[in-house]
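Positions are given from 1 along the sequence.
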Amino acid sequence: MEIIIGRDSQSAKLLLTVDGKPQAPVASGEVPASVAPQHCKLFINKGQLRLKNLDINNYTYVNDQSIESKAISQHDKIELGTSRYLLDWNHLKPYLPVDIRPLKEVWENYEAQNLKLQIKERKFNALRSATGLITMVAIVLSIAGGGRNKWNLALYGVAIAISVVFFIKAYLDSSKLPQKRQELSKQFQHDYICPSCGHFMGNQSYDILTQNGSCPYCKKTFHT
Ligand SMILES: [Zn+2]
């Protein structure tokens, strides 16, 4: 995308020409005459910005330094003309790439929580099968022992106690874990959204988002 920044000679307002299409002059404030109708050009390419002065008689300043062509960021101070008209980034915002860096943490947090839940589920299942194993061992020993000795009884006791504990735990967890999973997914769908259009980005990792470089819904370029 290319934006020519200049002064509308009729209204003396700021004029932006986006990819060859002049936009309505910016309503707020007058622009001094030292800003040319086609003063400088902003190139936007995959989240990278470059500002180019369009004529030797124009003066374009980036952070107080006169430039001809320079890579810039949205935090730089841009001034135009000898009377140093300060360019307000807000006027350019609709055309600028949207910053998705906060989504990195959202994604990493979601993955970590998801993994934690998986480990919890697996541990729980492993413990439950261990209970079954203890019970089976107790039965096998009692058959092999051919009678009731105190070791068999103790083993039975332990197996039954563990079984009861796990039955209660299983009963409680049977609703807790899926509920936690649902909460996690709900929060993720709320947070992992395009900052521009608010659409949920789906289960695409942050790396995939940066590779794609733009929102599949509003087509806005991502700044990563
Ligand atoms: Zn979007």
Side-chain angles (χ1 to χ4, degrees), residues 1-6 14-28 35 38-55 58 60-80 85-118 181-224:
M1 184 186 276
E2 294 178 12
I3 304 175
I4 295 171
I5 302 165
L14 188 71
L15 186 69
L16 302 176
T17 304
V18 180
D19 286 335
K21 288 184 206 119
Q23 309 294 301
V26 174
S28 64
V35 177
Q38 300 208 327
H39 196 94
C40 57
K41 197 188 250 187
L42 180 66
F43 297 88
I44 303 169
N45 185 20
K46 288 185 179 168
Q48 305 294 314
L49 306 179
R50 175 166 284 276
L51 191 64
K52 188 173 183 279
N53 190 45
L54 284 179
D55 191 283
N58 298 350
T60 300
Y61 301 91
V62 175
N63 301 329
D64 298 315
Q65 288 208 314
S66 177
I67 60 112
E68 286 310 314
S69 178
K70 189 174 169 45
I72 59 166
S73 84
Q74 297 182 37
H75 305 290
D76 288 331
K77 182 171 83 169
I78 313 292
E79 292 166 304
L80 310 177
Y85 168 75
L86 180 68
L87 185 69
D88 185 350
W89 277 103
N90 283 324
H91 301 320
L92 295 167
K93 221 162 210 169
Y95 315 105
L96 293 176
V98 62
D99 189 357
I100 61 159
R101 281 172 297 180
L103 294 188
K104 188 173 197 277
E105 202 190 323
V106 174
W107 172 261
E108 283 170 356
N109 189 40
Y110 172 69
E111 272 212 318
Q113 296 290 327
N114 212 6
L115 193 66
K116 245 191 214 167
L117 267 181
Q118 263 176 27
R181 192 166 275 290
Q182 201 185 18
E183 276 167 20
L184 178 66
S185 141
K186 213 172 159 187
Q187 189 65 43
F188 179 62
Q189 284 177 29
H190 177 267
D191 295 341
Y192 202 57
I193 57 170
C194 167
S196 179
C197 69
H199 208 290
F200 173 50
M201 290 287 95
N203 284 319
Q204 297 187 81
S205 72
Y206 181 76
D207 285 344
I208 297 284
L209 292 188
T210 56
Q211 273 168 34
N212 292 343
S214 66
C215 173
Y217 305 101
C218 68
K219 310 291 173 203
K220 190 100 179 170
T221 311
F222 287 152
H223 172 50
T224 54

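Among Arg50, Lys41, Lys52, the single residue meeting the side-chain hydrogen bond (donor to acceptor under 3.5 Å, both in side chains) criterion with Ser69 is Arg50. For the side-chain contact (heavy atoms from CB on, under 4.5 Å) criterion with Leu49, the lone passing option out of Asp76, Ile72, Ile3 is Ile72.
Within the 4.5 Å cutoff, no side-chain heavy atoms of Lys77 are placed close to those of Gln65. Side-chain contact between Ser205 and Glu111: absent, with no pair of heavy atoms (C-beta onward) separated by less than 4.5 Å. When side chains are defined from C-beta on, Gln23 counts as touching Tyr95, because their heavy atoms get closer than 4.5 Å. For the pair Glu79/Asp64, a side-chain contact is recorded, criterion being any heavy-atom separation below 4.5 Å from C-beta on. You'll find the side chain of Met201 reaches within 4.5 Å of the side chain of Cys215, heavy atoms only. When side chains are defined from C-beta on, Ile5 does not count as touching His91, because their heavy atoms never get closer than 4.5 Å. A heavy-atom distance below 4.5 Å is not found between the side chains of Leu14 and Val35.
Every pair passing ring pair (Phe, Tyr, Trp, His ring centres under 6.0 Å) that includes a residue from residues 204-224 is listed here, sequence neighbours excluded: His199-Tyr217. Screening residues 182-204 for salt bridge (Lys or Arg N to Asp or Glu O under 4.0 Å), with sequence neighbours left out, gives no hits.
Taking the six-membered ring where the residue is Trp, Tyr110 and Phe188 present parallel rings, their angle staying beneath 30° rather than reaching 60°.
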